[in-house]
Amino acid sequence: MAQWESWSAFWDMGGAAFFVWGSYGVTFALMALELVLVLRRRKDTVTRLLRWRRAVGKDSARKTGASVPVMESET
Amino acid sequence: MLSTFLAVLRRDLLLAWRGRADVLVTLAFFVIVVCLFPFGVGAEPNQLRAIAPGVLWVAALLACLLSLHRLFAQDYADGTLEQLLLSSEPAALWVTAKVLAFWLSTGLPVVAVAPGLALLLDLEQGALPVLVLSLALGTPILGLLGAVGAALTLGLRGGGMLLALLVLPLFVPVLIFGAGAVEAEMSGAGAAAHLLLLGGGLAGALALAPWACAAALRITTD
Amino acid sequence: MLSTFLAVLRRDLLLAWRGRADVLVTLAFFVIVVCLFPFGVGAEPNQLRAIAPGVLWVAALLACLLSLHRLFAQDYADGTLEQLLLSSEPAALWVTAKVLAFWLSTGLPVVAVAPGLALLLDLEQGALPVLVLSLALGTPILGLLGAVGAALTLGLRGGGMLLALLVLPLFVPVLIFGAGAVEAEMSGAGAAAHLLLLGGGLAGALALAPWACAAALRITTD
Amino acid sequence: MLEVEDLACLKGDRLLFRDLALRLQAGELLRIAGPNGVGKTSLLRLVTGLALPEAGEIRWRGESIRREREAFHRELLYLGHAPAINDLLSPLENLRFACAAAGDEVDAETCMQALVRIGLENQLDLPARVLSQGQRRRVSLARLFLSGRRALWVLDEPFTALDVKAVADLAQALSDHCAAGGMVMLTTHQDAPFALTPRVLDVGAYAC
Amino acid sequence: MLEVEDLACLKGDRLLFRDLALRLQAGELLRIAGPNGVGKTSLLRLVTGLALPEAGEIRWRGESIRREREAFHRELLYLGHAPAINDLLSPLENLRFACAAAGDEVDAETCMQALVRIGLENQLDLPARVLSQGQRRRVSLARLFLSGRRALWVLDEPFTALDVKAVADLAQALSDHCAAGGMVMLTTHQDAPFALTPRVLDVGAYAC
Amino acid sequence: MNAPERSRSLFRFAAPNNFYPLAGRLAPWFAAAALVLTLAGLWLGFFVAPTDATQGQVYRVIFIHVPAAWMSMFIYLVMAFWSAVGLVMNTRLSFVMSQALAPTGAMFCFVALWTGALWGKPTWGAYWVWDARLTSQLLLLFLYFGFIALTRAIEDPRRADRAGAIIALVGAVNVPIIYFSVQWWNTLHQGASVSLTKAPSMATTMLAGMLVMAIAAWMYTIAVVLWRARSMILERERHTEWVGAVLEHEAQLKGGRA
Ligand code: HEM
Ligand SMILES: Nc1ncnc2c1ncn2[C@@H]1O[C@H](COP(=O)(O)OP(=O)(O)OP(=O)(O)O)[C@@H](O)[C@H]1O
Ligand SMILES: Nc1ncnc2c1ncn2[C@@H]1O[C@H](COP(=O)(O)OP(=O)(O)OP(=O)(O)O)[C@@H](O)[C@H]1O
Ligand SMILES: [Mg+2]
Ligand SMILES: [Mg+2]
């Protein structure tokens with residue numbers, strides 16, 4: 001607490017509370033939101049793909065898995 | 001009666017949701033046009049503040065105008081419009097549903113972001129509510145009038161542009177009262193009169209435009 | 001080599017002539033947007049004069065932007081684009097022809113009427129040649145860059161608007177130098193540097209954009 | 001029930017046909033024949049009321065269709081060249097909307113069954129944009145299974161893009177509709193295995 | 001001359017076909033068959049090089065078409081579902097442009113003859129917008145009479161909307177092209193009176 | 001996510017089936033590093049760094065503003081780099097990387113704008129002025145939006161990849177042009193009336209806090225992008241057997257937990 005007399009002084013930020021906490025708040029909220037979205041997307045993808053695989057039948061998967069060329073290229 | 005109205009409204013909103021990109025991009029267009037102005041005009045705050053209401057309203061008008069041609073184009077091209085005209089309900093009914101869906105998906109977002117952009121142009125905060133109100137009353141009028149133009153220009157060669165030419169003169173009064181309301185508020189004269197006029201215009205457009213539009217559609221598909 | 005170029009150029013000019021309405025209406029749009037401003041902003045001569053170069057350039061840019069989506073849309077819808085891509089000539093060649101025809105039919109008229117509108121906004125007469133020159137150098141850049149955007153957004157849902165979003169940031173430098181040239185001339189600083197930069201930009205765009213556009217078209221029809 | 005008298009159709013400066021007359025009774029299947037460009041599509045659009053004739057009169061159950069438009073349209077089902085399919089919507093959504101917009105009350109389940117019956121069971125949820133030509137066509141044709149109570153079906157080249165089996169099914173459905181007292185008026189250049197032989201009207205006979 | 005090996009086509013989630021192989025020799029007429037949605041159009045677009053295959057190789061005169069694109073396209077004539085007709089231009093203008101854009105040097109007189117031969121003598125100067133479906137189709141088909149030196153014709157449902165006589169004429173033209181050493185690859189659901197029996201490739205056999 | 005050394009290993013990991021598990025293993029570590037560094041940076045920023053002589057406390061926004069601004073610019077370059085690699089070498093993984101980077105870049109871009117705006121109000125008296133640096137940041141946001149909107153609007157992933165790559169490259173060519181034009185535009189109009197007021201000599205603790213936060217932002221970006229890329233890879237490679245195996249494994253895990 002070298003910089004601050006008290007917690008209330010800290011939260012007040014020398015009168016600039018709105019600007020400082022507004023910045024930090026939105027930033028961390030956005031980052032958290034992004035993290036949540038990314039992780040949820042993964043879960044969604046997995047469930048959706050599982051359902052899809054059940055639907056189309058596993059044998060329609062192509063036999064390329066093991067032999068994916070090292071540098072995969074299309075054509 | 002209502003079932004066609006609801007069917008059309010539901011489908012058009014569904015389509016707007018499917019084509020979210022469309023809606024977001026109308027919005028982006030609005031934002032970008034507003035942001036272009038400082039580049040053309042120069043970044044001096046006083047000057048920007050003075051032209052802000054006009055720029056915002058012109059940008060909203062253009063954004064609305066440019067999405068208008070989408071109102072019937074797709075349905076016309078794929079034959080849905082023919083089918084709707086073969087329905088036994090009065091056409092004015094589902095036309096209203098289409099315009100309503102259109103406004104909800106393009107006008108409303110524009111109204112919603114306008115205050116943010118106003119800050120970018122340094123408009124006084126006191127004038128923000130009037131700006132929002134004037135846009136909320138004015139953009140539906142644009143949609144209703146524009147629908148008539150869109151119906152008349154369906155399938156014509158110069159379609160989108162001809163539409164602009166037809167409806168811009170009709171839009172001018174809306175622009176004058178809309179931007180005027182904000183300027184009146186800024187100058188301290190009070191915006192009530194302007195807003196009342198806009199409200200009256202909306203009521204009038206709502207009563208007349210759907211019929212005109214329905215007639216125009218029948219002519220177009222002949 | 002040249003035969004495809006000429007065939008495309010001739011046909012597109014013929015189409016522009018057939019669809020005269022289109023061309024006139026692009027122009028009308030330009031005129032109307034410029035004329036809207038006094039309504040939105042208020043008619044004070046000094047203020048108008050100050051914002052005149054910016055308004056003219058923004059209006060030209062929007063007019064160009066709005067006609068851009070027509071560049072390939074029709075050919076894409078009716079399959080002509082596929083046929084052109086199956087031609088054995090390099091695609092960059094006929095892309096250039098299309099852009100050239102596009103500019104001749106929409107950019108050139110805008111350049112031609114700009115001085116008249118400038119007088120309407122009370123721009124000094126001394127700055128008119130610079131205005132015309134800046135537009136004549138700048139609008140082809142807009143066309144070339146825009147063609148890339150138009151090719152990328154072909155057949156997409158939010159088509160026209162997505163195009164606007166993609167290319168507007170790219171148009172900003174052109175706008176800055178274009179409007180800047182006129183303002184520099186008005187302020188007595190001389191417009192040579194701006195115009196040179198625009199010329200350089202045009203050369204660069206001419207060298208690169210057709211290739212990017214051709215690549216984009218191949219991707220789009222895949 | 002449907003009577004057409006003295007009909008003339010002018011396109012640009014060309015009079016396509018004139019003095020065309022026809023009557024369509026309940027249970028009849030009428031095929032409009034004639035070479036390309038003779039005016040079959042134009043005739044159908046006149047009959048549905050989408051276009052206005054140059055001369056002549058069209059009556060439905062004795063009333064001019066211009067005077068009793070709504071009553072006529074309640075009994076009419078028209079499928080033209082344009083499939084009335086929105087590219088962003090799935091077949092199911094398209095079909096439900098088509099029915100609702102026309103005023104037929106049909107629930108999702110029934111629509112689904114119609115689509116399955118017409119062979120789109122695997123495409124129910126794809127956007128229509130990715131469908132093949134034949135599949136698009138089928139989506140609009142599915143309305144036929146849901147519009148039994150509409151007496152008059154007017155179909156412009158319904159067999160286009162359909163494969164052999166689908167053509168046979170459709171021909172069967174049309175025959176069934178007629179057998180149940182409906183009326184069908186269609187154009188086609190293809191042969192289709194109808195159960196009842198269609199009456200043929202050659203537009204060429206009225207050409208000018 | 002045209003060899004296709006191990007071709008696979010993926011659309012969205014669905015692998016339409018895989019391990020598809022075909023060879024087309026000079027003088028052969030190949031009909032791609034299969035029910036709606038099996039992947040015929042997709043196959044044709046792969047063969048022309050307009051779309052990229054998921055796997056497999058397409059060779060023209062022994063060279064991969066991706067490597068020798070220009071040489072291949074000089075010998076290819078593709079007519080797809082979309083007619084490549086501009087609504088504002090007349091049939092004559094459309095045809096001349098189609099030839100010029102493809103790189104065929106054809107003068108106006110020859111184009112006119114081709115249009116007359118295909119039955120559009122009265123529509124030469126109308127804007128394409130007002131043509132009937134069959135007439136539009138004919139405009140694009142007229143290119144066939146002007147592209148004799150292109151060896152490979154790839155046609156997607158060329159008989160759509162054509163009347164009986166036009167179907168017969170077109171079938172004759174295709175047979176003639178093969179007889180002259182050309183190759184034709186087409187899809188159709190209709191029967192057409194070909195002079196030589198087409199070899200049939202059923203895409204369904206390679207479906208997954 | 002900058003270009004790793006061009007060694008053999010790059011080529012091995014360029015195959016999605018090798019990259020996928022590797023990314024899964026690495027991402028949590030980067031996330032943890034980001035968390036630790038953020039806490040350290042915040043501590044430095046709020047409790048060690050002194051009050052600024054001219055600006056008072058409000059300057060403490062700098063600890064996120066500057067890292068976010070740096071990241072947003074850098075991510076665009078990396079994105080364009082991967083796009084170019086993808087177009088030239090035909091590697092699908094490169095496209096996945098560039099598309100996975102875009103949302104995070106846009107997020108940082110927005111954060112830089114937002115924090116800058118909040119900082120500007122007390123220091124300049126306005127949330128926004130049309131200063132060159134601010135303006136080019138805004139245009140960068142539009143470039144991000146354009147890229148994201150385009151790749152989202154195209155359904156076919158192959159087409160989306162290539163179209164996105166083209167617009168990313170065109171944008172990258174334009175970024176410097178935009179930057180310089182905007183700078184010139186501004187100076188032309190109002191001289192140097194507005195410029196970012198830098199603390200004359202930044203206290204070393206301030207600088208340290210800023211750098212630590214910048215590294216934290218790096219770590220965060222890498223973690224998020226790896227995770228996002230993993231989902232995208234699953235989606236795109238769903239036809240392959242190795243994805244089948246991965247999915248079965250996931251299903252078992254879920255079944256085990258339930
Ligand atoms: C919306 C408003 C703002 C935006 C978009 C913005 C944008 C940026 C950008 C892009 C950078 C990195 C540029 C570089 O390193 O070359 C930056 C750095 C910086 N900004 Fe801002 N800024 C804004 C407002 C402010 C304000 C109001 C201040 C302080 C009064 C400020 C202070 C700084 C400082 C000190 C740096 C670090 C400069 C350096 O290390 O070179 N910014 N800002
Ligand atoms: N403005 C015009 N001037 C001259 N002729 C016209 C004009 N508009 C249309 N036509 C002609 O009218 C006819 C329209 O025919 P319609 O579409 O009804 O034919 P159709 O019998 O359905 O033919 P298809 O079997 O090809 O579908 C065409 O022959 C067309 O050339
Ligand atoms: N994104 C997608 N997801 C799933 N299936 C798809 C997707 N895109 C296309 N398809 C399917 O791929 C097939 C495309 O078929 P194509 O157009 O090649 O058929 P076709 O054999 O030419 O049929 P037709 O005889 O009807 O013309 C259709 O069955 C369609 O449903
Ligand atoms: Mg017809
Ligand atoms: Mg097909």
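Residue numbers begin at 1 in each chain, while the letters A, B, ... track the order of the sequences.
Going from atom CZ of A:Arg40 over to atom OG of F:Ser231 covers 12.0 Å, rounded to the nearest 0.5 Å. Rounding to the nearest 0.5 Å places CD of A:Glu34 at 7.5 Å from CZ of F:Phe108. Rounded to the nearest 0.5 Å, atoms CZ (F:Arg228) and CG (A:Leu35) are 9.5 Å apart. Between the CH2 atom in F:Trp227 and the CG atom in A:Leu37 there is a gap of 13.5 Å [rounded to 0.5 Å]. Residue F:Leu247 holds its CG atom at 9.5 Å from OG1 of A:Thr45, rounded to the nearest 0.5 Å.
Only the side chain of F:Val111 comes within less than 4.5 Å of a heavy atom of chain A; its backbone N, CA, C and O stay farther away. Heavy-atom distances place both the backbone and the side chain of F:Phe63 under 4.5 Å from chain A. Heavy atoms of A:Leu39 lying under 4.5 Å from chain F belong exclusively to its side chain.
The greatest number of non-hydrogen atom pairs below 4.5 Å with chain A, out of F:Val243, F:Thr38, F:Leu234, is found for F:Leu234. Across F:Arg230, F:Glu235, F:Met232, the residue that shares the most heavy-atom pairs under 4.5 angstrom with chain A is F:Glu235.
Considering only heavy atoms from C-beta on, A:Leu30 stays 4.5 Å or farther from F:Trp114 through its side chain. Put simply, the side chain of F:Ile64 reaches to within 4.5 Å of the side chain of A:Ser23, judged on heavy atoms. At a threshold of 4.5 Å between non-hydrogen side-chain atoms, the residues F:Leu42 and A:Tyr24 count as touching.
Under 4.0 Å is where a charged nitrogen must lie from a carboxylate oxygen, and between A:Arg42 and F:Glu250 at least one such pair does.
Nearest heavy-atom pair across A:Phe18 and F:Leu118 is CE2-CD2, 3.9 Å.
Remark: F:Ser98 engages no residue in a side-chain hydrogen bond (donor to acceptor under 3.5 Å, both in side chains) (not counting sequence neighbours). In this view, A:Trp21 and A:Phe10, A:Trp11, F:Phe46 satisfy the ring pair (Phe, Tyr, Trp, His ring centres under 6.0 Å) rule, not counting sequence neighbours.
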